[in-house]
Amino acid sequence: MAETKREIERKYEAAAGTDVPDLTRVRDVATVADEGVVELDAVYHDTPDLRLAADSITLRRRTGGPDAGWHLKFPVAVGVRDEIRAPLSDTLPPDLAVLLRSRVRGGEVVPVVRLRSARDVRRLLDADGGLLAELSVDTVRARRLPKGPRASWTEIEVEAADDADPGILDAVEKRLGKAGIRPAHAPSKLARALAETTPEDHGPDDLPDAPPPAAPGTAGAVVLAYVREQAEAIVALDPAVRRDLPDAVHQLRVACRRLRSALKTYRSVLDRNATDPLGDELKWLAGELGVARDQEVLVERLRGRLADTPRPLRLGPVKARLRIWDTARTKDARRKAVAALDSDRYLALLDRLDALLADPPLREAAGRDAAKVLARAVRKDHARLAARVDRALSLAPGRERDLALHEARKAAKRTRYAADAARPTLGKPAKKFAERVKKVQSLLGEHQDAVVARATLRDLAVQAHAAGETAFTWGLLYGREEAAADAAERGLPGVWARAVPL
């Protein structure tokens with residue numbers, strides 16, 4: 001079973017024979033324990049075209065040292081990575097392979113670099129003997145595989161202990177700097193090895209630069225940049241969803257929706273004959289993910305409602321019933337989301353997005369001035385939103401009006417996404433417009449959440465009654481959700497009046 005470790009470290013340039021300064025002069029460091037030299041042998045794997053390295057992801061199989069095994073590292077921030085470990089085996093463990101699926105697709109990972117390091121380890125301890133950080137001087141020998149060029153160098157690596165204050169790294173860096181030891185240029189050993197062992201006949205200058213699909217400053221360039229950003233977000237968020245990281249499902253669903261909205265809004269730029277089928281697939285994926293996200297939002301809302309209910313009014317085992325209801329539905333929702341990511345249909349979608357970006361179906365408007373084309377498209381989305389809001393407000397309260405307000409909410413979201421995509425071009429006016437529309441979207445979202453919560457509360461009340469429990473509290477919460485929906489409807493005209501178009 002794979003385990004995850006948050007790795008916070010820094011690397012420094014060092015010449016062979018570099019003396020490490022006295023580190024007991026570093027704040028909080030009482031002693032430095034010399035752990036001796038350990039020999040490490042790591043084979044790094046990647047796709048033949050180095051897709052993992054391009055995204056600063058490393059995959060290695062390492063022997064030697066206390067953590068021998070497979071290590072998969074995802075970047076979190078500068079100097080911070082999540083290292084996911086699996087036991088040593090001859091082949092890539094399935095637990096790690098699945099986290100690479102959105103990048104590897106139907107291909108395979110192969111050995112690309114071998115690094116053998118003599119690691120001279122020092123443990124930095126506080127006055128109580130607690131570990132603050134580990135410093136190692138690594139003498140590295142690299143070889144491009146299978147039989148490529150070689151390289152060698154020495155570097156210093158400092159890693160904060162799991163429970164230590166990361167500020168220890170700043171203090172150590174200051175001490176190293178006074179000794180003339182500077183931060184490394186390469187972010188990782190693999191990055192340096194790849195740079196220094198690239199075969200002479202395989203350099204990036206061998207191929208001519210491909211012409212951009214759309215000239216800078218044109219509508220095509222701006223829209224394609226936004227489409228690429230969202231497509232890359234889908235690929236990057238895939239492993240986070242599989243790891244069940246906080247907010248990952250929501251962010252992936254948002255990327256799908258933003259991308260789908262852009263393909264609809266900017267049909268004057270990209271041919272809809274090519275993009276509409278992609279939009280259908282993005283809608284499918286967002287829908288599969290939506291089950292999990294909607295459950296997260298709903299249960300958080302109901303827990304909040306219960307927490308706000310005075311204790312004398314919480315009759316019966318309401319918290320336990322909500323927990324049981326949530327556990328079963330959450331498990332099913334997560335299973336549904338992961339199944340979608342495991343499907344061939346999903347991989348086909350990723351491949352089609354790559355194909356679209358490689359050979360975009362640009363229309364005549366793609367070559368025009370971006371500001372004019374994008375502003376016109378945003379205004380068109382606003383007009384569509386206005387028609388939906390007007391229709392909803394014209395209806396009497398009830399189910400038909402609830403449905404109409406939900407449709408208006410979806411139109412508001414699309415309009416906001418369109419404005420967000422236009423912000424790099426239209427600047428502050430687009431930003432302010434997006435903020436105004438977001439308020440409309442949020443109010444309509446509050447209304448829809450109240451509608452959905454009412455249906456759930458009714459089901460919980462029925463379940464409680466069937467089990468011989470009082471349904472009083474669920475009925476009380478139902479009434480509060482009715483009031484919340486009514487308040488949103490009353491507030492809509494005023495919020496909408498301020499959502500003036502660009």
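As the structure is a prediction and not an experimental result, all values here were calculated from the model.
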Audit row: R103, L52, side-chain contact (heavy atoms from CB on, under 4.5 Å) steps and yes/no: CA-CA 7 Å; R103 292 175 170 89; L52 304 185; 4.1 Å; yes
Contact check, side chains of [X] and [Y], non-hydrogen atoms, under 4.5 Å:
| X | Y | value |
| --- | --- | --- |
| K73 | D82 | no |
| T265 | V378 | no |
| V113 | L145 | no |
| R301 | E446 | yes |
| P199 | P149 | yes |
| T473 | Y478 | no |

Taking [X] first and then [Y], would you say they form a salt bridge - that is, a charged N and a carboxylate O separated by under 4.0 Å?
| X | Y | value |
| --- | --- | --- |
| R85 | D95 | no |
| R293 | E296 | yes |
| R253 | D247 | no |
| R51 | D46 | no |
| D238 | R101 | no |
| E157 | K189 | yes |
| D402 | R454 | yes |
| R391 | E400 | yes |

From Q230 atom CD to Y417 atom OH, the distance as rounded to the nearest 0.5 Å: 9.0 Å
Report the distance from atom CZ of R384 to atom CD of E407, rounding to the nearest 0.5 Å. 8.5 Å
In sequence, state the C-alpha distance, the side-chain angles, and the governing distance for D276 and R267, and then conclude on salt bridge (Lys or Arg N to Asp or Glu O under 4.0 Å). CA-CA 9 Å; D276 279 0; R267 283 170 172 166; 3.3 Å; yes
Tell me, yes or no, whether the heavy-atom count around [X] atom [atom1], taken from other residues, nucleotides or ligands under 6.0 Å, exceeds 12.
| X | atom1 | value |
| --- | --- | --- |
| E435 | CD | yes |
| R458 | CZ | no |
| D49 | CG | yes |

Check against side-chain contact (heavy atoms from CB on, under 4.5 Å), D326 and Q295: CA-CA 8 Å; D326 176 50; Q295 178 67 15; 2.9 Å; yes
Side chain to side chain contact (heavy atoms under 4.5 Å, CB included) with Q251: which of V241, L237, L245? L237
Evaluate the criterion side chain to side chain donor-acceptor pair (under 3.5 Å) for residue pair Y12 and E173; output intermediate values, then yes/no. CA-CA 9 Å; Y12 301 88; E173 182 166 298; 2.7 Å; yes
Set out, in order, the CA-CA distance, both residues' side-chain angles and the distance that settles side chain to side chain donor-acceptor pair (under 3.5 Å) for T309 and R480, then state yes or no. CA-CA 10 Å; T309 301; R480 290 181 178 175; 2.9 Å; yes
Name every donor-acceptor pair, under 3.5 Å, that has one atom in a side chain of residues 482-502 and the other anywhere in the protein, sequence neighbours excluded.
from: E489; atom 1: OE1; to: R401; atom 2: NH1; distance (Å): 3.2
from: E489; atom 1: OE2; to: H447; atom 2: NE2; distance (Å): 2.9
from: R498; atom 1: NH1; to: G494; atom 2: O; distance (Å): 3.4

Go through E159 and K5 one step at a time and tell me if the salt bridge (Lys or Arg N to Asp or Glu O under 4.0 Å) criterion holds. CA-CA 12 Å; E159 181 176 351; K5 178 181 182 298; 2.6 Å; yes
Return yes if some donor-acceptor pair links the side-chain N/O of T218 with the main-chain N/O of A214 below 3.5 Å, else return no. no
With R345 as the cation and W284 as the aromatic partner, state whether NZ or CZ is under 6.0 Å from the six-membered ring centre and within 45° of the axis. yes
For L405 and V389: C-alpha separation, side-chain torsions, deciding distance, then whether side-chain contact (heavy atoms from CB on, under 4.5 Å) applies. CA-CA 7 Å; L405 288 169; V389 171; over 6 Å; no
